[in-house]
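Reviewing the structure listed below.
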Amino acid sequence: DIFTEKRYEDSCPTSHNMDVPNVSRKEYSLIDIAADGYVTLLNDDGSTKEDLHLPKEADFAELTAKIKADFAAGKDLLITVVSALGVDKILSYRENQNA
């Protein structure tokens, strides 16, 4: 699974077609984290993206806690967003070394 990093296996005869999702990965600068967990991200063109929530799943609790702690410490963070099948999700982050 793209968003949970769990592995699944499927077998299909070579004579059949398989559908595969188009997956894109993009980094945004983190501008703000709202009290309700929504983030404000800065795009390369200067526009903002405000429709993403920090991951709520138990598997990503550590990631969410680290993002909040590093942002509160004043670090400039780059958030990695993976998009597939009409779904966007924050999967990782790193400190911006160019700041």
### Query
If Ile, Leu, Val, Met, Phe, Trp and Tyr residues are connected whenever their side-chain heavy atoms lie under 4.5 Å apart, and connections chain through other members, are Val81 and Leu63 in the same group?
yes

### Query
Just wondering, do Asn43 and Thr48 contact through their side chains at under 4.5 Å, heavy atoms?
no

### Message
Are Ile67 and Ile33 packed together at the side-chain level, in the sense that at least one heavy-atom pair is separated by less than 4.5 angstrom?
### Response
yes

### Query
Which atoms form the tightest heavy-atom contact between Ile79 and Leu41, and what is the distance?
CG1-CD2, 3.9 Å

### Query
Do the non-hydrogen side-chain atoms of Thr80 and Ile90 ever get within less than 4.5 Å of each other?
no

### Task
May I have all residue pairs that pass ring pair (Phe, Tyr, Trp, His ring centres under 6.0 Å) and include part of residues 68-89, sequence neighbours excluded?
none

### Message
Going by salt bridge (charged side-chain N to carboxylate O under 4.0 Å, His left out), name the pairs with one or both residues in residues 66-75, residues two or more places apart or in two chains.
### Response
Glu62-Lys66, Asp70-Lys75

### Task
Write out all pairs satisfying salt bridge (charged side-chain N to carboxylate O under 4.0 Å, His left out) with one or both partners inside residues 26-45, taking only residues at least two apart or from two chains.
Glu27-Arg94

### Query
Is a side-chain donor or acceptor of Thr64 paired with a backbone partner of Phe60 at a separation under 3.5 angstrom?
yes

#### Entry: Distance-minimising heavy-atom pair for Lys89 and Leu52
N-CD2, 4.4 Å

#### Entry: side chain to side chain donor-acceptor pair (under 3.5 Å) partners for Ser29, two or more places apart
none

### Query
Tyr28: what forms a side chain to side chain donor-acceptor pair (under 3.5 Å) with it, not counting sequence neighbours?
none

### Task
Keeping to residues at least two apart or across chains, list the ring pair (Phe, Tyr, Trp, His ring centres under 6.0 Å) pairs with something in residues 35-59.
Tyr38-His53

### Query
For Asp51, does the CG atom have more than 12 heavy-atom neighbours from other residues, nucleotides or ligands under 6.0 Å away?
yes

### Query
Would a 4.5 Å heavy-atom cut-off, applied to side chains only, mark Val23 and Ser83 as touching?
no

### Query
Does the pair Asp88 and Lys49 meet the rule for a side-chain contact (heavy atoms from CB on, under 4.5 Å), with working shown?
CA-CA 11 Å; Asp88 296 339; Lys49 182 173 181 62; 3.1 Å; yes

### Query
Is there a path of hydrophobic side-chain contacts, each under 4.5 Å between heavy atoms of I, L, V, M, F, W or Y residues, that connects Leu30 with Leu42?
no

## Note on the structure
One should read off an interatomic distance between Glu95 CD and Leu77 CG, to the nearest 0.5 angstrom, of 6.5 Å

